[in-house]
Amino acid sequence: MNNLFPIFLKLENLHTLIVGGGYVGLEKITAVLDNSPLARVTLVAPEIREEIKSIAATNSRINLITRKFADDDLLEKDLVIVATNDKPENKRIWETARARHIIANVADTPDICDFYLSSVVRKGNLKVAISTNGMSPTLAKRLKEVLGEALPDNLEAAMEQLKAVRDMLKGDFASKVDELNRITSVLTEEKKDAR
Ligand SMILES: C[C@@]1(CC(=O)O)c2cc3[nH]c(cc4nc(cc5[nH]c(cc(n2)[C@H]1CCC(=O)O)[C@@](C)(CC(=O)O)[C@@H]5CCC(=O)O)C(CC(=O)O)=C4CCC(=O)O)c(CCC(=O)O)c3CC(=O)O
Ligand SMILES: NC(=O)C1=CN([C@@H]2O[C@H](COP(=O)(O)OP(=O)(O)OC[C@H]3O[C@@H](n4cnc5c(N)ncnc54)[C@H](O)[C@@H]3O)[C@@H](O)[C@H]2O)C=CC1
């Protein structure tokens, strides 16, 4: 059973802290910016990889701090991704974040993660997030490739047309829901017919 509750965060409205500037720190900041290019991120680490420095050089919303993590780095942060190579310190940072009610992801240590990153299929406005409940990130990555190929390319046009219909529809909420369900029923009916 996967009990994780999926949500889609507007990281441009939040302030994310990343602790650690090595390979994993780079992977995490890349995942954040690929999805949310306007995310506000502070990254703290005594040694920061060159790739991270070049990302920050062209993005004023990324702030790099070149020193070890200090508890007050958590001030005014909404979520934290911990990726240092010091396991006990990772755990201590998670505990400190917990005490301040800030949710944390700790690379390498699912037991003390409040949230996981997901594998992400993107097609224009459509985004599908995949989790295997931490069982196999590699399977999540493969499924992303499979779904990416399986989803039709004209979904964006369909979404745009449905949005236009949605904006045009008059009447109360229930009648709008009925109409949108009627228009889109073909999507599931075709599948039923094929069986
Ligand atoms: C629990 C979770 C917590 C979290 O990190 O958020 C976690 C944990 C761990 N990952 C490990 C290893 C690898 N992770 C990847 C890849 C990804 N890992 C991601 C998410 C998650 N990884 C969360 C669960 C997601 C879920 O529910 O399915 C993805 C989806 C998203 C992202 O990270 O951005 C991204 C794919 C992105 C994409 O391309 O689509 C690869 C493959 C590769 O890179 O090719 C490997 C190597 C192969 C292997 O080990 O499987 C290890 C062992 C470390 C060690 O052995 O030292 C742990 C720790 C453990 O399991 O104990
Ligand atoms: N490299 C990989 O592909 C994987 C690594 N891991 C694990 O993830 C962790 C991080 O790995 P890497 O990024 O590869 O390590 P790395 O050695 O490349 O980077 C570690 C980073 O942590 C920083 N750091 C150390 N102590 C700190 C502190 N007190 N405060 C702030 N920053 C601090 C360092 O300055 C450096 O930027 C390690 O525990 C590693 O075992 C897990 C899975 C895969």
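Whatever order the structure lists them in is the order used to number ligands and atoms, beginning at 1.
- Checked by atom type, the side-chain pair Asn35/Lys127 shows a donor-acceptor distance below 3.5 Å.
- Backbone and side-chain nitrogen or oxygen atoms of Asn85 are examined, and one is located within less than 3.5 angstrom of a nitrogen or oxygen of ligand 2.
- Protein heavy atom in closest approach to atom 19 (O) of ligand 2: Gly22 CA, 3.3 Å.
- Nearest non-hydrogen protein atom to atom 30 (N) of ligand 2 is Phe69 N, 2.9 Å.
- For Ala45, no nitrogen or oxygen atom sits less than 3.5 Å from a nitrogen or oxygen atom of ligand 2, counting backbone and side chain alike.
- Residue, atom and distance of the protein heavy atom nearest to atom 22 (O) of ligand 2 are Thr84 CA, 3.4 Å.
- The backbone and the side chain of Val24 each have at least one atom closer than 4.0 Å to an atom of ligand 2 (non-hydrogen atoms only).
- Residue contacts with ligand 2: Tyr23 is placed with a nitrogen or oxygen under 3.5 Å of a nitrogen or oxygen of the ligand (distance criterion only).
- Residue contacts with ligand 2, taken as heavy atom pairs separated by less than 4.0 Å, do not involve Ile48 at all.
- Proximity to Val44 (heavy-atom distance under 4.0 Å) selects the following atoms of ligand 2: 31 (C), 32 (N).
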List the atom pairs, donor and acceptor, that lie under 3.5 Å between side-chain atoms in residues 10-31 and the rest of the protein, sequence neighbours left out.
unit_1, atom_1, unit_2, atom_2, d
His15, NE2, Thr42, OG1, 2.7
Thr30, OG1, Leu26, O, 2.6

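- Leu169 has its side chain within reach of Leu180: a pair of non-hydrogen atoms, C-beta onward, lies under 4.5 Å apart.
- For Gly25, no nitrogen or oxygen atom sits less than 3.5 Å from a nitrogen or oxygen atom of ligand 2, counting backbone and side chain alike.
- When hydrogens are left out, the protein atom nearest atom 3 (O) of ligand 2 is Glu27 OE2, 4.4 Å; that is the closest non-hydrogen contact.
- Here the protein heavy atom with the shortest distance to atom 34 (C) of ligand 2 is Glu47 O, 4.0 Å.
- For atom 40 (C) of ligand 2, the closest non-hydrogen atom on the protein side is Asp108 OD2, 3.9 Å.
- Counting heavy atoms closer than 4.0 Å to ligand 2, residue Pro46 contributes atoms from both its backbone and its side chain.
- For a heavy-atom separation below 4.0 Å, the residues in contact with ligand 1 are Lys28, Ala31, Asn105, Asp108, Pro110, Tyr116, Leu117, Ser118, Ser119, Ser131, Thr132, Asn133, Gly134, Pro137, Thr138, Lys141, Lys144.
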